[in-house]
Amino acid sequence: MKQHPYRYNKQQWKIFLFLFAALIAAASLLYSNYLVKILSKSERTKAEVWAMSTQSIVTMPDVDDQFISFVYAVRDSLSLPAIITKESGEIIFWRDLDSTKTNIHPKAQDHTSAHLDYDPSYFEKQLIKMKKAHPPIEISLDTGEKWLVYYKESKALMHLRLFPYLQLSLIAIFLAIAYTVFNSIRDSEQNLVWVGMAKEAAHQLGTPISSMMGWLELARATYPGRDNSLLDEMERDVKRLEIVADRFSKIGSTPSLSAHVVYALIADYVTYFRIRTSKRITFELNGDSQIEAMLNVQVFDWIIENLLKNSVNAIDGEGKITINISENIAKEEIFIDISDTGKGIPRSNWETIFQPGYTTRQRGWGLGLSLTKRMVYYHRGQIFVKESEIGKGTTFRIILKSNLRYEPTQIG
């Protein structure tokens with residue numbers, strides 16, 4: 001297997017850009033985590049100062065009022081969600097929590113248990129969060145009793161933790177939208193180029209094909225009565241060139257569909273193709289010869305040609321290509337199975353082979369099956385690898401609707 005150089009370079013650029021974006025994301029997260037650690041240490045210090053000030057208020061009640069006022073001012077300036085409990089777990093003090101979950105007694109000077117009614121379930125949940133977040137800070141009292149100070153991060157620190165993920169998510173969404181838009185514009189421009197080239201190729205082929213038809217007529221007139229079997233085959237090839245030119249002229253346009261017998265169209269091409277293929281490869285066509293579908297002859301012929309050529313390329317030496325046509329009347333579907341006894345396709349590549357640029361041939365462009373899929377889609381059908389086994393062969397399945405009545409889309 002090889003890939004077209006353009007596709008290979010394109011993949012390299014995608015990998016490079018992905019790695020560059022991953023590097024930016026990693027750097028952003030690392031720096032944010034660095035800031036979070038610094039602020040987390042700062043909040044730990046703030047919590048310890050708050051605990052010490054609380055301890056001073058409780059253990060030094062006889063200190064002058066000016067000092068106590070100073071301690072209160074220091075403590076009140078440290079805004080931090082916190083809960084103080086006894087060693088038994090009883091809540092005796094709280095700070096900066098949801099005030100709607102507490103009911104302070106009017107005479108209370110502090111939020112102590114003697115004057116505090118609170119929502120047990122709310123404080124229990126808050127305590128669980130605080131215990132998971134940080135180890136407690138101990139306050140030792142003169143009585144030998146210990147209080148435990150639990151705290152949680154401030155809203156600013158929590159937002160800082162989430163900010164880089166939110167920022168990267170928004171950037172990723174923006175880049176995805178931008179990539180989709182620019183990709184669509186680029187594909188549209190490329191399609192216009194390919195359509196222009198295809199129509200120009202059809203136009204350029206027109207003159208030599210007409211000349212060749214004229215030369216064939218002149219040869220018949222110059223040598224009448226002779227065996228013209230070679231001229232007949234040459235004429236079939238020239239007509240084939242006319243069909244190819246007509247195909248290219250239809251790219252970018254919307255060809256019409258009409259009802260045709262599927263078996264007859266495939267049989268006609270197999271007859272032409274068999275003569276121009278190695279005699280070591282045999283062909284077999286089976287199925288209902290009356291099944292009809294809405295088709296464009298030139299486009300459908302192109303589909304069969306691409307698949308048969310693909311099968312021939314897959315066969316090394318002797319082999320067989322079998323075409324089975326069947327119908328699922330209940331679902332109004334037509335199945336066309338094209339099987340070969342070639343080298344097979346690894347299961348991991350069953351989808352990849354339909355992508356532009358994928359090929360196993362040294363001189364291939366990797367456009368045959370990609371174009372085939374688009375032409376089948378033009379008929380509102382499906383194509384996929386039905387089954388394949390390495391060394392035994394591959395079966396492609398085309399599914400068409402047997403009652404097609406729709407407005408077709410343009411090719412290309």
Side-chain angles (χ1 to χ4, degrees), residues 1-3 247 260-274 276-278 281-289 291 293-328 331-361 364-402 404 411:
M1 182 201 80
K2 79 178 185 72
Q3 290 184 335
R247 290 173 181 170
H260 291 278
V261 178
V262 178
Y263 186 98
L265 289 180
I266 296 177
D268 184 59
Y269 181 75
V270 169
T271 301
Y272 170 83
F273 189 71
R274 180 187 284 117
R276 289 155 180 81
T277 307
S278 171
I281 299 177
T282 58
F283 293 82
E284 181 180 331
L285 177 60
N286 306 310
D288 190 341
S289 60
I291 295 175
M294 297 293 290
L295 304 170
N296 179 277
V297 176
Q298 288 82 2
V299 176
F300 183 72
D301 209 33
W302 202 351
I303 294 171
I304 302 302
E305 177 183 336
N306 284 344
L307 291 175
L308 291 185
K309 285 182 176 179
N310 190 75
S311 295
V312 168
N313 291 329
I315 296 174
D316 186 14
E318 293 186 4
K320 183 178 182 180
I321 298 175
T322 306
I323 305 170
N324 290 309
I325 304 170
S326 58
E327 184 177 21
N328 186 331
K331 293 186 178 180
E332 298 181 327
E333 291 179 335
I334 299 170
F335 300 140
I336 304 171
D337 294 335
I338 300 179
S339 305
D340 62 63
T341 56
K343 53 191 175 184
I345 303 170
R347 190 174 188 86
S348 58
N349 291 340
W350 284 14
E351 293 292 334
T352 311
I353 58 174
F354 292 103
Q355 296 178 3
Y358 178 92
T359 180
T360 58
R361 300 166 61 193
W365 284 87
L367 296 176
L369 288 176
S370 173
L371 185 57
T372 300
K373 186 174 183 177
R374 296 190 69 170
M375 290 187 291
V376 172
Y377 174 75
Y378 161 76
H379 286 89
R380 288 296 188 270
Q382 303 175 51
I383 182 172
F384 54 88
V385 178
K386 181 185 177 186
E387 57 186 6
S388 184
E389 188 174 347
I390 301 298
K392 291 189 176 181
T394 301
T395 299
F396 284 92
R397 166 163 283 188
I398 299 173
I399 301 178
L400 300 173
K401 289 292 184 180
S402 56
L404 286 182
I411 303 175

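Both backbone and side-chain heavy atoms feed into the values below; hydrogens, waters and symmetry mates do not. Just so you know, these numbers come straight off a predicted model, no measurement behind them.
With rounding to the nearest 0.5 angstrom, the CD1 atom of Ile303 is 13.0 Å from the NZ atom of Lys373. Atoms OH and CD1, from Tyr269 and Ile323 in turn, are 10.0 Å apart once rounded to the nearest 0.5 Å. In this structure, CE on Met294 lies 15.0 Å from NZ on Lys401, to the nearest 0.5 angstrom. Summarising the geometry, atom CD1 belonging to Ile266 is positioned 4.0 Å from atom CD1 belonging to Ile325; distances are rounded to the nearest 0.5 Å. The CG atom of Asn296 sits 11.0 Å away from the CH2 atom of Trp302 when rounded to the nearest 0.5 Å. Between Leu308 atom CG and Ile338 atom CD1 the span is 5.0 Å, to the nearest 0.5 Å.
Two residues are said to be in side-chain contact when any heavy atoms from C-beta on lie closer than 4.5 Å; Asp301 and Tyr272 fail this criterion. The closest side-chain heavy-atom distance from Leu307 to Ile383 is below 4.5 Å. With a 4.5 Å cut-off on side-chain heavy atoms, Phe354 and Val376 do not count as touching. Put simply, the side chain of Val299 reaches to within 4.5 Å of the side chain of His379, judged on heavy atoms. Between Val261 and Ser289, every side-chain heavy-atom pair lies at or beyond the 4.5 Å cut-off. Side-chain contact check for Ile399 versus Asn328: every heavy-atom pair is 4.5 Å or farther apart. Proximity of Glu327 to Glu333: side-chain heavy atoms (C-beta onward) are nowhere separated by under 4.5 Å. Looking at Phe273 and Ile304, their side chains never come closer than 4.5 Å, going by heavy atoms from C-beta outward.
When atom types are taken as modelled, the side chain of Asp268 and the backbone of Ala264 share no donor-acceptor pair closer than 3.5 angstrom. Counting only distance, with no hydrogens or angles, the side chain of Ser388 and the backbone of Ile345 share a donor-acceptor pair below 3.5 Å. Of the possible polar contacts, one joining the Thr341 side chain to the Lys320 backbone as a donor-acceptor pair under 3.5 Å is found.
The two residues Ser339 and Thr395 come nearest to each other via the heavy atoms OG-OG1, 2.8 Å. In plain terms, the two heavy atoms of Asp288 and Tyr263 that are nearest each other are O-CB, 3.8 Å.
Checked against ring pair (Phe, Tyr, Trp, His ring centres under 6.0 Å), Phe335 has no partners two or more places apart in sequence or in another chain. With sequence neighbours excluded, the residues satisfying side chain to side chain contact (heavy atoms under 4.5 Å, CB included) with Glu318 are Arg280. Contacts of Arg274 classified as salt bridge (Lys or Arg N to Asp or Glu O under 4.0 Å), with partners at least two apart in sequence or in another chain: none.
Counting heavy-atom neighbours within 6.0 Å of Arg276 CZ, excluding the residue itself, gives a total above 12. Atom CD of Glu284 sits in a crowded spot, with more than 12 heavy atoms from other residues, nucleotides or ligands closer than 6.0 Å.
With Ser311 as reference, Asp340 is the one residue of Thr277, Asp340, Thr394 to meet the side-chain hydrogen bond (donor to acceptor under 3.5 Å, both in side chains) rule.
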task: Show your working on side-chain contact (heavy atoms from CB on, under 4.5 Å) between Phe396 and Leu369 and close with a plain yes or no.
output: CA-CA 11 Å; Phe396 284 92; Leu369 288 176; 4.2 Å; yes
